[in-house]
Amino acid sequence: MAMHSDRRFVNIALIGFMGTGKTSVGRLVADQLHFEFLDTDDIIETQRGLTIAEIFSTDGEPAFRGLELKLVGELASRTKTVIATGGGLPAQPGNVSGLKTHALVVCLWASPEKIWERVKNQTHRPLLHDPDPQKKIRELLAAREPFYKQADVLLNTELRSVREVAQQVVHQFRLESSRR
Ligand code: S3P
């Protein structure tokens, strides 16, 4: 990881598509490192006083993306925090570079098929309220792939348990922190 000598890794940001396990993994990582855990969707719901689905239907997706962008700015003052981000947050220009000013950015990866398996019985995600949710997943994932790949670490979650993924994240964080 050359060119990172000016980075400070005081936090961990988990990025990745819906259903890749950012929240479950993030909670475990935070426990292990004695860090605080934050979820950007939860913060936005609290700030706005509405659920994500309500924000999408009342304010619209662009307004939601604006709230994400503003929140990324606010997160720069955090230390010792594991931040699980909404699946679309990294796809807005500036958000990944903003996270990288203070966090090791780890992307959790899974195939569209695996993602579908994990999300198909859940109803809280407005973007998947679509006549063909599997196609929607494939399209969104393809469009977002270049953004997800800006992460410092890419972790395939398909053949790993939540616990194993969390261990990998902790390991990578310790490795990177000890390098500087
Ligand atoms: C979204 C993912 C969701 C949430 C919103 C939009 C997306 O977060 O931010 O429904 O654009 O992929 P999760 O990845 O936590 O489900």
Side-chain angles (χ1 to χ4, degrees), residues 11-30 35-75 78 81-99 103 105-151 153-158 160 162 165-166 169:
N11 301 311
I12 298 175
L14 297 178
I15 68 170
F17 205 79
M18 302 176 252
T20 52
K22 291 162 292 184
T23 303
S24 343
V25 168
R27 285 187 194 283
L28 273 185
V29 171
F35 277 24
E36 199 178 327
F37 174 76
L38 293 182
D39 182 308
T40 60
D41 285 340
D42 289 348
I43 298 174
I44 288 172
E45 287 187 335
T46 305
Q47 286 178 345
R48 182 67 188 82
L50 295 172
T51 66
I52 299 295
E54 287 166 346
I55 297 172
F56 270 68
S57 61
T58 307
D59 304 339
E61 184 176 347
F64 173 72
R65 299 302 173 194
L67 296 175
E68 285 187 322
L69 180 71
K70 181 168 147 281
L71 178 56
V72 168
E74 293 164 5
L75 291 171
R78 303 287 323 182
T81 305
V82 178
I83 304 153
T85 62
L89 182 144
Q92 302 305 308
N95 279 351
V96 174
S97 53
L99 293 170
V105 177
V106 179
C107 179
L108 306 188
W109 187 260
S111 67
E113 295 72 28
K114 193 75 186 179
I115 288 168
W116 173 243
E117 234 175 77
R118 291 178 181 166
V119 303
K120 65 182 173 197
N121 295 320
Q122 303 174 339
T123 57
H124 63 282
R125 295 183 175 96
L127 289 177
L128 300 181
H129 298 166
D130 190 274
D132 189 348
Q134 289 181 268
K135 178 158 166 269
K136 181 83 181 202
I137 290 171
R138 283 195 300 273
E139 287 171 356
L140 279 176
L141 191 59
R144 290 173 178 179
E145 188 171 334
F147 296 97
Y148 291 146
K149 295 212 160 147
Q150 292 170 9
V153 180
L154 204 57
L155 272 181
N156 194 328
T157 66
E158 293 210 6
R160 291 181 168 117
V162 167
V165 176
V169 175

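Please read these numbers as outputs of a predicted model, since none were measured by experiment. Just follow the structure's listing: the first ligand is 1, and inside any ligand the first atom is 1.
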Between Glu61 and ligand 1, find which residue part has any heavy-atom pair under 4.0 Å and reply side chain, backbone, both or neither.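 Neither; nothing of Glu61 gets under 4.0 Å from ligand 1.
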
With a 4.0 Å heavy-atom cut-off (strictly under), which part of Asp39 contacts ligand 1: side chain, backbone, both or neither? neither

Just checking, is any N or O donor in the side chain of Thr157 or Arg118 under 3.5 Å from an acceptor N or O on the other one? yes

Are side-chain N/O atoms of Thr40 and Glu68 paired as donor and acceptor at under 3.5 Å?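 No, because no side-chain N or O of Thr40 sits under 3.5 Å from a partner of the opposite role on Glu68.
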
Which protein non-hydrogen atom lies closest to atom 2 (C) of ligand 1, naming both residue and atom, and how far is it?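 Checked against all protein heavy atoms, atom 2 (C) of ligand 1 sits closest to Gly87 N, 3.3 Å.
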
Evaluate the ring planes of Phe56 and Phe64, with Trp represented by its six-membered ring, and classify them as parallel (under 30°), tilted (30 to 60°) or perpendicular (over 60°).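 It falls in the tilted class, 30° to 60°.
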
Got a sec, which pairs hit side chain to side chain donor-acceptor pair (under 3.5 Å) with one end in residues 124-133, sequence neighbours left out? Gln122-Arg125

Flag His124 as yes when one of its N or O atoms lies below 3.5 Å from any N or O atom of ligand 1, and as no otherwise. no

Does Lys136 form a salt bridge (Lys or Arg N to Asp or Glu O under 4.0 Å) with Glu139? I'd like the steps, not just the answer. CA-CA 5 Å; Lys136 181 83 181 202; Glu139 287 171 356; over 6 Å; no

Which value, rounded to the nearest 0.5 Å, describes the distance between [X] atom [atom1] and [Y] atom [atom2]?
{"X": "Cys107", "Y": "Glu145", "atom1": "SG", "atom2": "CD", "answer": "9.5 Å"}
{"X": "Asn11", "Y": "Leu75", "atom1": "CG", "atom2": "CG", "answer": "8.0 Å"}
{"X": "Leu38", "Y": "Ile43", "atom1": "CG", "atom2": "CD1", "answer": "4.5 Å"}

Any heavy atom of Gln92 sitting closer than 4.0 Å to ligand 1? no

Contact atoms of ligand 1, heavy-atom distance to [X] under 4.0 Å:
{"X": "Pro126", "answer": "10 (O)"}
{"X": "Ile52", "answer": "5 (C), 10 (O)"}
{"X": "Phe64", "answer": "9 (O)"}
{"X": "Lys22", "answer": "13 (P), 14 (O), 15 (O)"}

Out of Leu108, Ile15, Asp41, who is nearest to atom 4 (C) of ligand 1 when you count heavy atoms only? Asp41

Tell me the nearest of Arg125, His129, Arg144 to atom 12 (O) of ligand 1, using heavy-atom distances. Arg144

